[in-house]
S.K.: 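One structure coming up, written as structure tokens, with questions to follow.
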Amino acid sequence: MSPAAKTDLLQGTLDMLILKIVALGPVHGYGISQRIQQISNDVLQVQQGSLYPALHRLEKRGWLAAEWGESENGRQAKFYKLSPMGKKQLATEEATWNRLSEAVALVMQTAR
Amino acid sequence: MRNAKNEEIDRELAFHLDEAVRAKIAQGIPAAEARRQALVEFGGREQVKQTVREVHLSRLLESLRANLLSAFRFIRRSPSFAATIILTLALGIGANSAVFSAIDAIVLRPLPFPHGDELVRIHQRNRKGKAIEDLVSTQRVEDWNRLNRSFQVISGYSIGDVTYTSGALPEKLTLALVEPGFLRLWGLAPALGRDFSAGEEKFGGPNAVIVSHRFWQSQLHADPSVIGKAIHLSGLACTVVGVLPENLRYPERDIDVWEPNAPDAPYAQNRDAAWFYVLGRLRTGVTISQAQADLDAVQNALGKQYPQSDGSLTVTVQPLKSALIGAAKKSLWLFYGAVSLLLIIACTNIAALLMARTAEREHEISIRTTLGASRAAIVGQLLTEVFVLALAGSLLGLFIAAGASRLLGLLSQDLPRIEEVTLNWQIVAYSLGCALAATLACGLLPALRGTRRDLSQSLAHAGRTQVSGRNPWQWILVGVQVSLAVALLIASGLLLRSFQALGRVDPGFSRDHVLTLRISGGWGETVDLGKLTQRVDRDLNGLRSVPGVEAAASTVTIPGNSELYPIELKLPDRASGPLADTSSVSSEKIFADSRVVSAGYLSTLHIPLLQGEDCRSGLPYNTFLVNRSFAGKYFPGTSAVGHHLQSIPSVDGKPGAIVGVIGDVREEGLETPPQPAIYWCAARPILTRTFLCERTATRRPWRKPSVAKSARSSRRGRSSAS
């Protein structure tokens, strides 16, 4: 875990990552931050100050649905899951992201 | 709501922190250190919480902003539609707010005095006979004041004319003669100077007056040094000791000067010498019914002590506010009902318009629904659109209300407390409330109808141009609108009809070409009645000599002026008369309205003489005319002429003869049937106010100067008013 590897997320990318993680199944905020960190091999570390406002914003927009439930160790936690609208949104964002990253990769390779 | 949200955020963040600590402990870090690290990684917890809270707040503002934007877009897209709604609501809300401002000022607000709800009017009634004897003698006012336990002060006033002779021309003023404590009753101090002193309230004390703010401004040039100086009233020099505050318009609004009445004056000792209307201020916490019971007991005791004068009298305590506004209250609420109905009609009209509009927008709405907007969000948007329109309407309505209440003030100056009607923040708040209510009334139904669940399906199989004309709700709205309009029309039609019916009532006299004027006099003149009669005769002759004047006469009260002088009478020759068989009314006391008129009264007002002869000069004072109602009631089937009447208390102990019977005259107003009345034949007034009537050959502008000149030439130092 080298702090130098920490990368600032592109504006709007965090929302997509959250949607993606939540799409895997109902999960609480702590779980989301852990999973992003694990899957990205510790490259991406989500600050709580960004994670929770984003979660609430997505919930307000109707892309996430939230529900209080019991965590793995028997405590009450707020679980988020994807709404149908969120599913659509995720698909759109994924498509956009793929197009964008391919385009960026193309430019970087050609210009080499 | 907010707190629940905050707590939820708190719990969520606490869970996160705890999980982080657990994970670190699992890695083998000691508990205390684990917690420290977790806290450091977490960052400022309060800060995180605040950012999350802002998410919720900004979403709310965002949707409000979006709704407002959509509302303005809506107005821009169809300006004529928006203008129709704004104007309709402006008229409806404006009329409603204007009438409400009058109700607020006149009916709802307390009188503008300290503890105004403690002020009461005390009425006196005679248990025998139906005459209202609202005038109370000084001695009785004094007794009430002395014996009661529930009033801070009881005082009385009497209104009369007085001539102001310190100005360039003699001016008629309205004088209030007041009992001690009158100013204390209102809880007000004079704006300048002082209240009457104890010495000034004693008989033979210095002549002192307090003047009204208006008189002080118009005649005394708002000069503060006038305190202590003398002005001349009906020939008497009186020292001005005080100027009243501007807002004291009670008990009557046009009183100019106030003079103390001395309860110890010899002429005030008679318990029958009654000339005061009585007001009182309750002790703090005393209710009207307690005061009523107290005063009942007091008057009962007085009835036993003075059976002759007080035996048959009862008293009624009434809150001063309700005594003042009286019948105006009912008409104002009626008026308010009418304008409220109008507003409801306007709202149904707008609701129907909006419903048609929403039907046109079904397409837009269903797309939004499919895209995931909740029904509440769409209803919120539609309501915001209506609210923006209603707000614009109510602001425009406030201008209309301001104009309307000024018009109301001009048109109905007789309305009590009309000066207090102003547009204030309460009215602004009221009209905003109207806007809100109108939004819900006009907008809710169309919005709910427009966002029905089945709408998104309707999009699927209906063509995009489907605009239904089969909406049952629209028909219901039209029905409501029409029935309310019909109700309003019927009500106003009935009012018009009553008015028309009044117009057809024969008043019993002819108003055309009749001019009236009032000439002031002084009580001092009544000492020499012969001279007084001569004076009025001279005035009348002066009038008759003005070119174009056909007839002139004097009277103490003119038709339409509601001052009544009911008197008690005996018919001394009734028992022995030719109709002794109908002895039910024989020599018992009877009541009738009375007037004092001079010769020429009948020909001036074109009142028909039915039998006998008219008043003419030279007849003794105890000569009467009676009206047809009086003759019919007390002398049925026979001529009243030649019979005798005796007033109680009698003028000179002798009964007087009836010389003529005249037609009924509706003197108390067209809507009041004529009452039995008698007319004293005399040129001289029995009060200090005398009306002169003149009939002119042609309808022409009022030539007060020529008549006033004629009156002035007859006597200096006397004022006249038309």
Side-chain angles (χ1 to χ4, degrees), chain A residues 1 3 6 14-15 18-19 22 26-38 42 44-80 82-92, chain B residues 2 4-27 29 34 37-64 66 367-378 380 456:
Chain A
M1 186 169 76
K6 272 189 204 166
L14 177 60
D15 286 5
I18 292 174
L19 290 176
V22 173
V27 61
H28 46 69
Y30 178 72
I32 295 172
S33 72
Q34 288 304 96
R35 257 172 239 182
I36 291 180
Q37 198 173 338
Q38 282 162 12
D42 285 348
L44 301 175
Q45 278 194 353
V46 187
Q47 293 299 310
Q48 278 49 262
S50 323
L51 174 68
Y52 283 96
L55 281 173
H56 281 254
R57 193 165 54 237
L58 295 176
E59 186 191 350
K60 272 274 167 185
R61 282 199 191 137
W63 296 342
L64 292 184
E67 205 169 45
W68 283 87
E70 205 161 285
S71 74
E72 310 81 63
N73 43 46
R75 293 198 46 198
Q76 282 292 309
K78 196 177 175 190
F79 283 86
Y80 293 89
L82 216 53
S83 73
M85 263 167 74
K87 214 170 272 177
K88 241 179 275 174
Q89 180 65 22
L90 177 59
T92 323
Chain B
R2 279 240 80 83
K5 196 80 213 169
N6 280 340
E7 201 182 306
E8 197 194 320
I9 296 171
D10 241 1
R11 275 171 64 200
E12 194 179 7
L13 296 182
F15 171 78
H16 186 110
L17 200 59
D18 289 351
E19 288 295 300
V21 174
R22 275 167 60 100
K24 287 190 190 301
I25 292 175
Q27 284 168 24
I29 300 170
Q37 282 186 12
L39 276 170
V40 169
E41 275 170 34
F42 196 87
R45 190 169 162 185
E46 271 309 312
Q47 213 177 338
V48 175
K49 252 166 71 185
Q50 186 54 36
T51 355
V52 175
R53 255 184 255 140
E54 271 164 18
V55 168
H56 290 270
L57 200 68
S58 69
R59 285 295 298 171
L60 205 72
L61 288 175
E62 216 171 283
S63 73
L64 187 69
I367 290 176
R368 289 205 56 197
T369 314
T370 337
L371 284 180
S374 69
R375 190 181 189 195
I378 298 181
S456 47

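Residue numbers begin at 1 in each chain, while the letters A, B, ... track the order of the sequences.
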S.K.: Tell me the closest heavy-atom pair linking Leu51(A) and His16(B), and the distance in Å.
M.R.: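 Here Leu51(A) and His16(B) meet closest at CD2-CE1, 4.4 Å.
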
S.K.: Once rounded to the nearest 0.5 Å, what's the spacing between atom OH of Tyr30(A) and atom CG of Asp18(B)?
M.R.: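 Going from OH on Tyr30(A) over to CG on Asp18(B), the span is 10.5 Å.
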
S.K.: Please look at Leu17(B) and chain A and tell me whether the side chain, the backbone, both or neither of the residue comes under 4.5 angstrom of a heavy atom of that chain.
M.R.: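 When you check distances to chain A, no heavy atom of Leu17(B) falls under 4.5 Å.
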
S.K.: For Pro53(A) versus Thr51(B), what's the shortest heavy-atom pair and its separation?
M.R.: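 Looking at all heavy atoms of both residues, the closest pair is CG-CB, 3.7 Å.
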
S.K.: Which value, rounded to the nearest 0.5 Å, describes the distance between His28(A) atom NE2 and Glu12(B) atom CD?
M.R.: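 One gets 10.5 Å once the value is rounded to the nearest 0.5 Å.
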
S.K.: Name the option with the most non-hydrogen atom pairs under 4.5 Å to chain A; the candidates are Lys49(B), Arg11(B), Glu54(B), Gln47(B).
M.R.: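 Maximum pair count with chain A is reached by Arg11(B).
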
S.K.: Relative to chain B, which segment of Ser50(A) carries a heavy atom at a distance below 4.5 Å: side chain, backbone, both, or neither?
M.R.: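 Neither part.
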
S.K.: Can you say whether Gln34(A) sits under 4.5 Å from chain B via the side chain, the backbone, both, or neither, judging by heavy atoms?
M.R.: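 For Gln34(A), there is no contact with chain B at all, as no heavy atom is under 4.5 Å.
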
S.K.: Which bit of Ser33(A) comes within less than 4.5 Å of chain B, counting heavy atoms only: side chain, backbone, both or neither?
M.R.: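 For Ser33(A), the contact with chain B is made by the side chain alone.
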
S.K.: Do Arg75(A) and Phe15(B) come close enough that some side-chain heavy atom pair is under 4.5 Å?
M.R.: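 Contact flag for Arg75(A)/Phe15(B) side chains = yes.
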
S.K.: Considering non-hydrogen atoms only, spot the tightest contact between Gln48(A) and Val48(B) and give its length.
M.R.: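 Here Gln48(A) and Val48(B) meet closest at O-CG1, 3.8 Å.
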
